[in-house]
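Below, chains carry the letters A, B, ... as their sequence lines are ordered, and counting in each starts from 1. Values in this document were obtained by computation on a predicted structure and should not be read as measured data.
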Amino acid sequence: MRFAVRRTIFYLITAWAAVTINFLIPRLMPGDPVTALMGRMQGRIDSNAEESIRVLFGLDTSSSIWQQYVDYWGLLLRGDLGLSFTFFPTPVAEIVQQALPWTIGLVGIATIIAFVLGTSIGVAIGWRRGTWADALLPITTFFSAVPYFWLGLIAITVFSVTLGWFPSSGSYDRGMVPAWSWEFVGSVIYYGFLPALTVVLSSIAGWILGMRNMVVTVSSEDYVTVAHAKGLPERTVMVGYAARNAILPQVSNFALSLGFVVGGTLIMEMVFSYQGIGYTLFQAVNTQDYPLMQGCFLVITLAVLGANIIADFVYAALDPRARQEG
Amino acid sequence: MTASTLDVPAPTGAVGEPVLEIENLSVDYGYVDDATHVLRDVSLTLHRGEVLGLAGESGCGKSTLAYAATRLLPPPGLITSGSVHFTDRDGRRTDVLRQSDAELRASRWRDTAIVFQGAMNSLNPVYRVGRQIADGILAHRPGMRRREAWDQAASLLEMVGINADRLRDFPHQLSGGMRQRVMIAMALALDPQVLIMDEPTTALDVVMQRQIVEEIADLRQRLGFSVVFITHDVSLLIEIADRIAIMYAGDIVEDAGAEEIYRRPRHPYSSALLHSFPPLRGERRELTGIPGAPPDMHRLPPGCPFAPRCAHAMDVCREVRPGLTATALGDRGAQEAARRVACHLHDPASAGAHGLPPDLSR
Ligand SMILES: Nc1ncnc2c1ncn2[C@@H]1O[C@H](COP(=O)(O)OP(=O)(O)O)[C@@H](O)[C@H]1O
Ligand code: SF4
Ligand SMILES: [Mg+2]
């Protein structure tokens, strides 16, 4: 219990720091691109929206920085991230809200598949180390060594352009109306297959290699030898003793890698023109849409933080030593 | 009397039928031509009800012998020849090295249980100790309910002097001595006939060492299993063992009754080893280390492996490896006749006019 409280406090502080940095960065930026953009938008922004943009970007020079900080928190807590310049006058919060499920759905599922599949394969290879199974390693390592955008482009060239099996871009058939129907969900899966496949291919090698090496290490631990000596069935020793302990560092790596998932998402969504948060950020950068950029950054930061919280608690659930450290 | 000063009943010394017979066991580390021959034709017999001590400096192959005899040798260890016969209570004799995987799994822990050198790492850190005792029981008693296995685990813990509440503890919540007791309780879960203990007390302080040794002696007396007690500390063996085998560079160099070895060592290495540890009890003796270091097992010279460190080394010692044979003093009675030693000094033809030095012929 004390563990949960301590971790919660830690994450609250981290979240506070992330939001505060997000508040400070536009105020530290040299020049004033926002004022320039505001000038271009003159007359098209209503006074309320202008007010919130001023607060979000520190153009509100009339009040003190503390007052600005308080106002900024006030806006965030109400879910007001300002208005997008590019999709004016759509609120940033709304754009982010539409993009986020696509990213979480596609990249989240792909990452989980890669983790589960890679970890299982790693256990099998590690348990039978030194046999033919090790031959699988160079193949998977090849896919992870290829830069992601290159892998994506090759996948599009082969499977979309040449073979015509999968669409090369988008997230569902534009002729359909989004709804919870089998037809629409099928289309989403069809469109998402190729991007998901490339994400899995490029990240699975890390999980396989990490788990394989850990299983090899743990297999020589005394408690695994004791498990054999007790006459436990081989499956029990492999899963309950070797893999059960080998997965612990894998879970920490999972949390760490989530940070990189976001970067990977950006490239994947660019290559496949997939309408997730990465693609939205890409568009925002292209059109100098500062409110949208800031909104994307904030959401990405919080998402990574949230994923880390989950990984942290999963780790604690798996390792009794982590629960009482300190 | 040094062997029976403990508060627990002294070892009886009565020798029963063989229960574990290791014959000509050879083990290599590495698969290629230049593999290290760590065990070379080692033979050792454990009798029913006996505590057999196995002593020797670190690196001489004691653990390798224990792992090989139970087929738990980690790669790149490889058994190249030999047999390990186990005889159960009905007199059925099986070669452990030739059992199928299924037979082996079924007989492990039930016939021979082991307590390993690293008590600290012998428990899985992520499971409660109760679960780890219970899963061993359940693996061999398929019909048994989990609840029953836990109850049994509780009484096992109490048997080794640990409160049953501790079943729900994780290993890191226990002290080193407690963990070692848990391992002993776990090893006794299926009422095995042979218990192999590899340096069970090495990581513990002296007080805890004594407690554990006394406890093992006591449990053996009550439950009647046989013990192979491995240690680099011979003085500890004098307290608990009926018989002691001294190992050097992968060979058994002397095999005799504990009292016999302690009072009248016949091999120069046994004598040197005895003089390098303070006895826990009994008369004090002058401590002298053994000069030099154990040989590199990867390139053993021909002849006696102890020759470079032996004060009595002769020319023949550097050429011919001595075999384990009767002592030169076999005419001194039955006990002496039962002793085995691997040293050219005991071969009248080699020892020549010098005969046996006085410190080896007491
Ligand atoms: N994995 C291994 N590879 C190569 N040599 C090994 C390995 N394990 C042990 N040995 C060698 O085997 C010899 C005996 O080791 P061990 O049985 O652990 O000795 P002890 O238990 O008596 O200290 C040592 O000389 C050691 O160098
Ligand atoms: S055989 Fe020779 S070298 Fe070896 S212990 Fe005996 S006397 Fe010493
Ligand atoms: Mg050892």
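- B:Arg71 is not listed as a side-chain neighbour of A:His228, based on a closest heavy-atom distance of 4.5 Å or more.
- In this structure the side chain of A:Thr225 never reaches within 4.5 angstrom of the side chain of B:Pro74, judged on heavy atoms.
- A pairwise comparison of heavy atoms in A:Val226 and B:Phe116 identifies CG2-CD1, 3.3 Å as the closest pair.
- A donor and an acceptor atom, one from each side chain of B:Tyr127 and A:Asn245, are nowhere located under 3.5 Å apart.
- Proximity to chain A involves both the backbone and the side chain of B:Pro125, based on heavy atoms less than 4.5 angstrom apart.
- Looking at A:Arg129 and B:Pro75, their side chains come closer than 4.5 Å, going by heavy atoms from C-beta outward.
- In terms of modelled atom types and a separation under 3.5 Å, the side chain of A:Lys230 and the main chain of B:Ala139 share no donor-acceptor contact.
- In this structure, chain B has a heavy atom under 4.5 Å from the side chain of A:Leu248, while its backbone stays farther away.
- Counting heavy atoms of neighbouring residues, nucleotides and ligands inside a 6.0 Å radius, atom CD of A:Gln97 does not exceed 12 of them.
- Contacts between A:Ser220 and chain B at a heavy-atom distance below 4.5 Å are absent for every atom of the residue.
- The environment of B:Arg131 atom CZ is sparse: at most 12 non-hydrogen atoms of other residues, nucleotides or ligands sit within 6.0 angstrom.
- One N or O on the side chain of B:Arg105 and one on the backbone of A:Leu232 form a donor-acceptor pair closer than 3.5 Å.
- Enclosure of atom CZ in A:Arg235 is not indicated, since only 12 or fewer non-hydrogen atoms of other residues, nucleotides or ligands lie within 6.0 angstrom.
- Atom CZ of A:Phe193 sits in a sparse spot, with 12 or fewer heavy atoms from other residues, nucleotides or ligands closer than 6.0 Å.
- The choice from A:Ser219, A:Ala227, A:Gly240 that makes the most heavy-atom pairs within less than 4.5 Å of chain B is A:Gly240.
- Interface remark: B:Pro171 contributes no atoms to any contact with chain A (heavy atom separation under 4.5 Å).
- Contact check for A:Tyr241 versus B:Asn124: side-chain heavy atoms found under the 4.5 Å cut-off.
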